[in-house]
Amino acid sequence: MSESDAKGAVHLAINAGVASVLFDRPAARNAMTWSMYERLNQICEQLKTDVSVRVVTFRGAGGQAFVAGTDIEQFTTFSSGEDGVAYEKQIDQCIARLESLPMPTVAVIEGWAIGGGLAIATACDFRIATPVSKFGVPIARTLGNCLSVANLARLAAVFGSPRVKRMLMLAEVLTAEEALACEFLMQISEAGEIDAVLRTLCERLAALAPVTQRVSKEGLRRLVSNSLPPDEDLIRQCYGSADFHEGVSAFVEKRSPVWKG
């Protein structure tokens, strides 16, 4: 893997009122690096004031994954719970910028949408996926960290608390059919048909009243995000634990973690 491939990239293309954002690190299932999160921030800042853009789509390169979370190797430099607090705050800011885009957003999911990738997809207004797509936050099995309360609230709003507990506490990964059943997904489409489905959806969205769309999505966002309780104590406890460091070490060493609580 070249250095540019290792760091990954996030690309933006705008055509006929549709902005297309591509997460491009297919060799690592598009797992996000710090530079990719920063680029996503920049793209969202650019798009929020671009009145020519009517719809924004988000997609992973390679056809095998949307985004398979944050690259775990990014966590090897963490030394205390404060690093976790800073990280979750950074991710919250990035997801909030995406969620606050004034135009409709669509996640196109082909394969894995895990961890941070699920958070990105959840922040979008609509989601379509291929039948083989998978959804989850299996950090109780892989890393031993946690999510911010803001991301928990987003997940609970679309999946419901019981499913979120299964994803977080049992490390379960949901199928596309289950994601469709709870209306997290708008539609399941075969890989060869999903581009046409996306094109039709973008055309429908672009033909409708943009002010109504803008204020409706902002009102719904406020219902979920206002008056969130503090969570730094929870994040500090998790990222400062020996179990978190064990999870990171186990990943780097390619072995199963041994949790001690």
Side-chain angles (χ1 to χ4, degrees), residues 10-24 30 32 36 39-41 43-68 94-114 116-135 151 154-155 157-159 174 176 179-221 224:
V10 183
H11 307 291
L12 171 65
I14 301 176
N15 182 43
V18 177
S20 302
V21 179
L22 182 71
F23 303 105
D24 188 4
N30 302 316
M32 298 285 281
M36 291 173 72
R39 177 58 180 148
L40 180 58
N41 263 323
I43 287 172
C44 291
E45 283 296 302
Q46 175 184 340
L47 291 176
K48 75 177 183 180
T49 56
D50 190 336
V51 296
S52 72
V53 173
R54 294 298 310 277
V55 185
V56 185
T57 69
F58 296 85
R59 194 171 194 169
Q64 301 300 311
F66 178 68
V67 170
C94 184
I95 300 300
R97 283 192 178 95
L98 191 163
E99 185 181 42
S100 298
L101 285 172
M103 66 288 289
T105 53
V106 182
V108 184
I109 302 159
E110 301 164 283
W112 298 94
I114 299 294
L118 185 63
I120 291 170
T122 302
C124 293
D125 301 310
F126 304 96
R127 291 159 290 272
I128 58 177
T130 56
V132 298
S133 296
K134 305 288 186 183
F135 308 86
N151 275 319
R154 292 185 186 100
L155 291 176
V158 292
F159 283 106
L174 306 185
L180 179 67
C182 69
E183 299 185 333
F184 176 76
L185 292 179
M186 180 179 181
Q187 186 172 339
I188 296 175
S189 301
E190 295 295 336
E193 301 170 357
I194 200 164
D195 286 337
V197 170
L198 175 62
R199 186 162 52 249
T200 298
L201 178 56
C202 288
E203 289 171 354
R204 288 178 60 193
L205 289 167
L208 300 172
V211 177
T212 297
Q213 291 172 332
R214 180 169 68 248
V215 300
S216 296
K217 71 175 287 182
E218 174 59 16
L220 289 166
R221 187 195 67 80
V224 175

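We count residues from 1, following the sequence as given.
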Shortest non-hydrogen contact from Val224 to Ala157?
CG2-CB, 4.0 Å

Just how far is it from atom CD of Glu45 to atom CD1 of Ile43, taken to the nearest 0.5 Å?
11.5 Å

Can you see which heavy atom on Phe66 is nearest to which on Gly117, and at what distance?
CE2-O, 3.4 Å

How close do Lys48 and Pro102 get, heavy atom to heavy atom, and via which atoms?
O-CG, 3.5 Å

CG (Leu180) and CD1 (Ile188) are apart, to the nearest 0.5 Å, by 4.5 Å

In terms of heavy-atom contacts, Arg97 and Asn41 come closest through NH1-OD1, 2.8 Å

Are any non-hydrogen side-chain atoms of Leu101 and Cys44 less than 4.5 angstrom apart?
yes

State the NZ-OG1 distance between Lys217 and Thr105, to the nearest 0.5 angstrom.
4.0 Å

Interatomic distance, Leu40 atom CG to Phe23 atom CZ [nearest 0.5 angstrom]:
5.0 Å

When rounded to the nearest 0.5 Å, the distance separating CD1 of Ile114 from CZ of Phe135 is 8.5 Å

Backbone N/O of Gln213 and side chain of Ser216: donor-acceptor pair under 3.5 Å
no

Arg127 (side chain) donor-acceptor with Phe184 (main chain) under 3.5 angstrom:
yes

Nearest non-hydrogen partners of Ala123 and Ile95, listed with the distance
CB-CG2, 3.7 Å

Can you check whether Leu47 reaches Ile14 side chain to side chain, under 4.5 Å on heavy atoms?
yes

Just do the side-chain contact (heavy atoms from CB on, under 4.5 Å) check on Phe159 and Leu118 with the steps written out, would you?
CA-CA 11 Å; Phe159 283 106; Leu118 185 63; 4.1 Å; yes

Please check if the number of heavy atoms outside Gln64 that lie under 6.0 Å from its CD is greater than 12.
no

Going by atom type alone, with no hydrogens or angles, which donor-acceptor pairs under 3.5 Å involve a side-chain atom of residues 189-205 and a protein atom two or more places apart or on another chain?
unit_1, atom_1, unit_2, atom_2, d
Ser189, OG, Gln187, NE2, 3.4
Asp195, OD1, Arg59, NH1, 2.7
Asp195, OD1, Arg59, NH2, 2.8
Thr200, OG1, Ala196, O, 3.1

Leu208 backbone acceptor or donor facing Arg54 side chain under 3.5 Å:
yes

What one should report as the nearest heavy-atom pair of Pro104 and Asp125 is CA-OD2, 3.3 Å

